[in-house]
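Below is one structure; the comments refer to it alone.
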Amino acid sequence: MKSVLYGIHSLEYAISSYNLAKYYYEKGVEGEIDGKRSDFIFATDYAKRSMAIIKDSVLFEMKDMDYSSRYQLWQNVNTIFVNTFPSYVAKNPNDSTLSDLYNIVLFSKGITWRRGGGTNTLCWKDIQNALGKKDIAIEFIAPVVPSNDNIVFYALTIQKGYRCPKMTRLFDILQFQDSLKSCDTKVEKNQKIGDMVWTPLNNELMGMEKIYFSATHVLNNMPIEYMPITDTETYNDRYCMIRVSSTQEIANNKAHNHFNKAALFGGLQYEALEAKGEGKIERSGFEPLPNTGEEVAEIADVFENSNIDYKVFSGDEGTESLFKSLSGSSIDILHLATHGKYIVNDVVEGYHDGDNALTNSVLAFSGVNERPISGLEQDDGIVTALDISQMNLPNLDLVSLSACESALGEYGLDDSIMGLQRGFKIAGANTILMSLGKVDDEATRILMIEFYRNLMSGKTKHQSLKDAQKYLRQVENGKYDKPEYWASFVMLDGLN
């Protein structure tokens, strides 16, 4: 990375400061039993100096870069920002260090979540000013502890009257994994997840009505908003739980007054495969999805009654090429009722750079079974998250991924997900409705149609989904009441 900064503002000085921060942190850990607090203060101070220089240099360098280049640049300097600084702050928490930590989390996510990111100057105070009196904003973070390479989960919280953000330790990754291994049932597992994630925040949540949270690491792949409080109540029942890509979205939120144009994909012809076994049909693999045609037809009727200009692509019309041709269009709703898949292989595993990780979250389009499934050929019926990230969808207010595993992906630089959701956010999408697992074909059809009915009646996106889930659970005397039918779907950035 070439820098225009010199002297005490040079990258060489930043590296020296960072090395001093590591030295004092390790010295403090070694003498912690003797109360070596001053060492942690020195460590935090030197880390802050280093970060300030690197941040200025990065902002200068990335002015004319595309997203991929910015991501790679940020990857080179990310360790100090996201992985180690939180551990320094945990040893030396005060108004200044906690404010700096929250602000650097916002800065990092501004770079990695948006095509035009990196110039966002929002700070934690901007988030606080946008909160209501009974709102709380939570940034979950999972830094690596420099002294032992353990991963520790924290919650950074903001409320209206806070003098600075608060930092609460939740658990470390080994505690988390061991606790889940001890659970015999899925119900026990969900209860344990809820206890470990939310119970340490009980005092913070007291009196709150709306919870904005940005997940991290393994929490990205879990519907933590639906974890049980009691046998009959979830956190989403008790609170208005809004999942966000970054809490800066609270301050960036803009009202969307009316939907005008929509594109719907469903009832796609993948080329029929011979049925395998009996039982429910799931939206995974590339078998026909009988209910998706009816799904988009009924949603189209809802749009018709709401005077929305729409186009349905079904059968052999819903090709990869046609989908990509939507780039640059003015659609504000995109509904994709098709197969989704998150591919895990020997090449892609764990943490990865942006482009490679984005090729393993895919959607299937018309004719996919006639061609190789690699995600690399043109017009092979597979659209990857990387393909989507290269599209331009600036007016897209809502994308509904009515598909399996559409919320999954690899962990990115800031421990958030590199998958379809990241691809659509980079392309310009505002809100994303997506799934964390395999979903039932018929239950999904019912849920999606009810969601759009609610949305077109004037309800918010969040309330529309919440009410649609409640409706689904009551269908046919509770046929779809189990969480496997409704709790896979989560909404990202559904603030309006």
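For this chain, numbers begin at 1 and follow the sequence in order.
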So among W198, F153, Y154, which one has a ring-ring contact (aromatic ring centres under 6.0 Å, His included) with F140?
W198
Give the minimum heavy-atom separation between S214 and S245, together with the two atoms involved.
OG-O, 3.0 Å
With a 6.0 Å cut-off (strictly less than), is the heavy-atom count around CG of N202, excluding the residue itself, greater than 12?
yes
Pick from K459, R473, K461: which one makes a salt bridge (charged side-chain N to carboxylate O under 4.0 Å, His left out) with D467?
K459
Between NE2 of H462 and CG of N454, what distance do you get to the nearest 0.5 Å?
12.5 Å
4.5 Å side-chain heavy-atom contact, F171 and V197:
yes
Is the closest side-chain donor-acceptor distance between N94 and T97 under 3.5 Å?
yes
Is it true that the side chains of Y102 and T247 contain a donor and an acceptor less than 3.5 Å apart?
yes
Is there a side-chain contact between Y18 and I54, using heavy atoms and a 4.5 Å cut-off?
no
Where at least one partner belongs to residues 136-164, residue pairs that pass salt bridge (Lys or Arg N to Asp or Glu O under 4.0 Å), sequence neighbours excluded:
D95-R163, K109-E139
pair K166-L98: side-chain heavy atoms closer than 4.5 Å:
no
Let me confirm one number: the SG-CG distance from C404 to D440, rounded to the nearest 0.5 Å.
9.5 Å
Minimum side-chain heavy-atom gap Y212-I127 below 4.5 Å:
no
Spatial distance of atom CG (L472) from atom CZ (F489) [nearest 0.5 Å]
10.0 Å
Does a side-chain heavy-atom distance below 4.5 Å link I193 with I224?
yes
Heavy-atom distance under 4.5 Å between the side chains of S96 and K48, does that happen here?
yes
For R243 and M491: C-alpha separation, side-chain torsions, deciding distance, then whether side-chain contact (heavy atoms from CB on, under 4.5 Å) applies.
CA-CA 6 Å; R243 179 183 290 248; M491 181 176 283; over 6 Å; no
K22 versus Y88: any side-chain heavy-atom pair under 4.5 Å?
yes
Using the ring of each side chain (for Trp, its six-membered ring), is F42 parallel, tilted or perpendicular to Y24, with breaks at 30° and 60°?
tilted
So is R238 actually on top of Y235's ring, under 6.0 Å and inside 45° of the axis?
no
Member of L492, L447, L465 meeting the side-chain contact (heavy atoms from CB on, under 4.5 Å) criterion with L433
L465
Between the side chains of S179 and K192, is a donor N or O closer than 3.5 angstrom to an acceptor N or O?
no
Cut-off 3.5 Å, side chains only: do D387 and T384 have a donor facing an acceptor?
yes
So M227 and M222, do their side chains get closer than 4.5 Å, heavy atoms only?
no
